[in-house]
Number of protein chains: 2
Amino acid sequence: MVKELDEKNEALPDHVGWRLWQASRAWQAEFGAAMRAAGHAWFTEARAGLLGHIPRGGTRQSALIERSATSKQAVQQLLDGLEAEGVLERLPDPRDGRGKLVRYTRKGLDALRDGDRVKLQIEHDYVSRIGRHRFAALMDALRSLDAGPADGSQEAPETK
Amino acid sequence: MVKELDEKNEALPDHVGWRLWQASRAWQAEFGAAMRAAGHAWFTEARAGLLGHIPRGGTRQSALIERSATSKQAVQQLLDGLEAEGVLERLPDPRDGRGKLVRYTRKGLDALRDGDRVKLQIEHDYVSRIGRHRFAALMDALRSLDAGPADGSQEAPETK
DNA sequence: TCCATATAGTCAAGATACTTGACGATAGTC
DNA sequence: GACTATCGTCAAGTATCTTGACTATATGGA
């Protein structure tokens with residue numbers, strides 16, 4: 001029944017959600033490929049998402065669970081994997097007998113360093129592709145979206 | 001409540017990839033929740049991602065595989081699920097005995113209609129949160145990123 | 001102090017999404 | 001007809017995430 005209609009580029013989505021999703025996936029694919037190419041074979045997107053919530057100085061596991069938008073069991077399983085890979089280590093929290101502290105190992109810190117380098121490379125590439133002005137506008141809009149889910153009367157807050 | 005000693009807000013990421021990821025996840029969570037609330041209990045993010053590649057007029061399964069960035073087996077399994085849910089149907093391609101055509105059922109078209117409505121609602125909310133100008137700049141930047149991965153001649157370099 | 005409740009983390013089982021490998025069927029080409 | 005490429009399926013395994021049940025420690029009264 002379908003003639004060529006199907007072959008002539010029927011419109012693909014062009015709304016914020018789709019664009020954000022495509023852009024996010026493209027970034028992650030590029031970043032992950034670069035990280036694995038840099039020798040961090042353990043690097044996956046799910047793990048990267050978790051690591052993004054762990055500051056360089058480490059954190060308590062419970063704080064990590066609050067920040068990430070998943071269940072504590074999911075966080076735990078990702079931590080198990082990262083600990084087994086030698087990227088992180090878990091220590092008992094001296095101030096709370098129930099808690100544990102999550103900390104980067106040397107291997108983990110090395111990965112963070114490489115990650116920073118790759119991020120800069122990708123960002124530089126993006127700027128060269130769409131221009132400094134568009135890139136700045138992109139970041140501004142994304143920060144504004146993140147900042148004001150409930151308060152629409154504010155400009156972008158200070159860049160702390 | 002919380003002892004503030006080690007809660008001093010160690011910096012969380014603030015780069016393009018992170019911002020895109022967070023924004024994308026937020027959009028998808030909102031969209032998915034609205035769709036499920038609208039009665040489309042079968043709606044998941046993975047399925048939504050696939051449906052995004054299926055135009056209203058349907059498509060060939062092989063074309064779908066090319067568009068989506070995963071394996072043909074992953075596509076097939078998602079199609080199996082969507083077919084079982086009655087959202088899609090697969091017909092033999094009259095022009096190619098090997099191929100199949102993927103088409104929306106009535107139920108699927110109803111979901112598309114609700115999806116369009118939800119998208120507009122979310123977009124309207126975004127505009128009210130960050131302003132028409134920022135929103136337009138966001139879409140412009142995202143489209144530019146998608147358009148020119150290899151050709152940077154769209155905008156003058158304007159470096160510095 | 002003792003007890004009730006909340007919090008931090010673990011263990012176990014299952015669902016979903018995705019991957020690789022192997023395979024049969026049809027199409028296109030010679 | 002034979003060779004090769006494409007289309008789709010079947011099967012098995014991995015990664016990620018979810019729910020439910022459980023232990024241990026902390027906290028806040030009575």
Side-chain angles (χ1 to χ4, degrees), chain A residues 2 6-7 21 25 28-29 32-33 36 41-53 58-85 87-103, chain B residues 1-3 5-7 21 25 28-29 32-33 36 41-54 58-85 87-103:
Chain A
V2 180
D6 153 37
E7 296 300 337
W21 182 59
R25 281 177 59 95
Q28 285 179 33
R36 287 184 288 273
W42 51 269
F43 194 91
T44 67
E45 292 182 7
R47 286 170 170 175
L50 186 65
L51 293 180
H53 291 286
T59 185
R60 294 184 306 147
Q61 186 166 326
S62 59
L64 189 49
I65 290 165
E66 286 174 21
R67 286 179 199 162
S68 57
T70 62
S71 65
K72 60 182 177 181
Q73 293 92 333
V75 170
Q76 184 184 12
Q77 288 166 26
L78 289 172
L79 287 176
D80 287 346
L82 287 165
E83 195 175 18
E85 293 285 350
V87 177
L88 299 174
E89 57 188 351
R90 277 188 274 199
L91 310 170
D93 186 339
R95 288 182 298 160
D96 188 334
R98 300 166 300 178
K100 294 203 175 166
L101 299 177
V102 177
R103 215 171 54 175
Chain B
M1 307 284 240
V2 183
K3 303 166 183 150
L5 290 180
D6 80 353
E7 295 300 334
W21 184 60
R25 282 176 58 95
Q28 285 180 33
R36 287 184 289 273
W42 52 268
F43 195 90
T44 68
E45 292 182 7
R47 286 171 170 175
L50 186 67
L51 293 181
H53 291 287
I54 305 177
T59 184
R60 293 184 307 145
Q61 185 165 329
S62 58
L64 189 49
I65 291 164
E66 285 174 22
R67 287 179 198 162
S68 56
T70 61
S71 65
K72 60 182 177 179
Q73 293 91 335
V75 170
Q76 185 185 11
Q77 288 166 27
L78 289 172
L79 287 177
D80 287 346
L82 287 165
E83 194 175 19
E85 293 285 350
V87 177
L88 299 174
E89 57 187 353
R90 278 189 273 198
L91 309 171
D93 186 339
R95 290 181 299 163
D96 188 335
R98 301 165 299 178
K100 293 204 177 166
L101 300 178
V102 178
R103 215 171 55 172

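Quantities reported herein were computed from a predicted structural model and do not represent experimental measurements. Here is how names work: the chains are called A, B, and so on, in the same order as the sequence lines, proteins then strands, and each is numbered from 1.
Of all non-hydrogen atoms in B/P94 and B/L101, the two that sit nearest each other are CD-CD1, 3.9 Å. Across B/R47 and B/W42, no two heavy atoms sit closer than the pair NH1-O, 2.8 Å. For B/A69 against A/R25, the heavy-atom pair with the smallest separation is CB-NH2, 4.0 Å.
Here D/dT16 presents its P atom at 11 Å from CZ of A/F43, a figure rounded to the nearest Å. Note: CD (B/Q28) to C1' (D/dC17) measures 15 Å, nearest angstrom. Between B/D93 atom CG and C/dG28 atom C1' there is a gap of 16 Å when expressed in whole angstrom units. B/E83 has its CD atom 13 Å from the P atom of D/dG8, to the nearest Å. Going from atom CZ of A/R95 over to atom P of D/dA26 covers 13 Å, rounded to whole Å. The CZ atom of A/R25 sits 11 Å away from the C1' atom of C/dC18 (whole-angstrom rounding).
For B/E89, the side-chain hydrogen bond (donor to acceptor under 3.5 Å, both in side chains) partners at least two apart in sequence or on another chain are B/R103. B/R98 is linked by a salt bridge (charged side-chain N to carboxylate O under 4.0 Å, His left out) to B/D96, counting only residues two or more places apart in sequence or in another chain. Contacts of A/E85 classified as side-chain hydrogen bond (donor to acceptor under 3.5 Å, both in side chains), with partners at least two apart in sequence or in another chain: none. Considering only residues two or more places apart in sequence or on other chains, B/E83 meets the salt bridge (charged side-chain N to carboxylate O under 4.0 Å, His left out) condition with B/R90.
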Give each protein N/O atom lying under 3.5 Å from an N/O atom of nucleotides 1-3 of chain C, with the pair distance.
none

Base, backbone or nothing for each nucleotide of nucleotides 4-17 of chain C, written B, S, -, heavy atoms under 4.0 angstrom, 5' to 3'? --BBSBBB-B---S

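In this structure, B/S71 reaches the bases: a heavy-atom distance under 4.0 Å links it to at least one base atom across the strands shown.
Using a 4.5 Å heavy-atom cutoff, the side chains of A/L79 and A/L64 are in contact.
Toward the 5' end of DNA chain D, the nearer of the two residues A/V75 and A/G97, judged by each one's closest nucleotide, is A/V75.
Put simply, the side chain of A/R67 gets close to the backbone of A/H53: a donor and an acceptor are under 3.5 Å apart.
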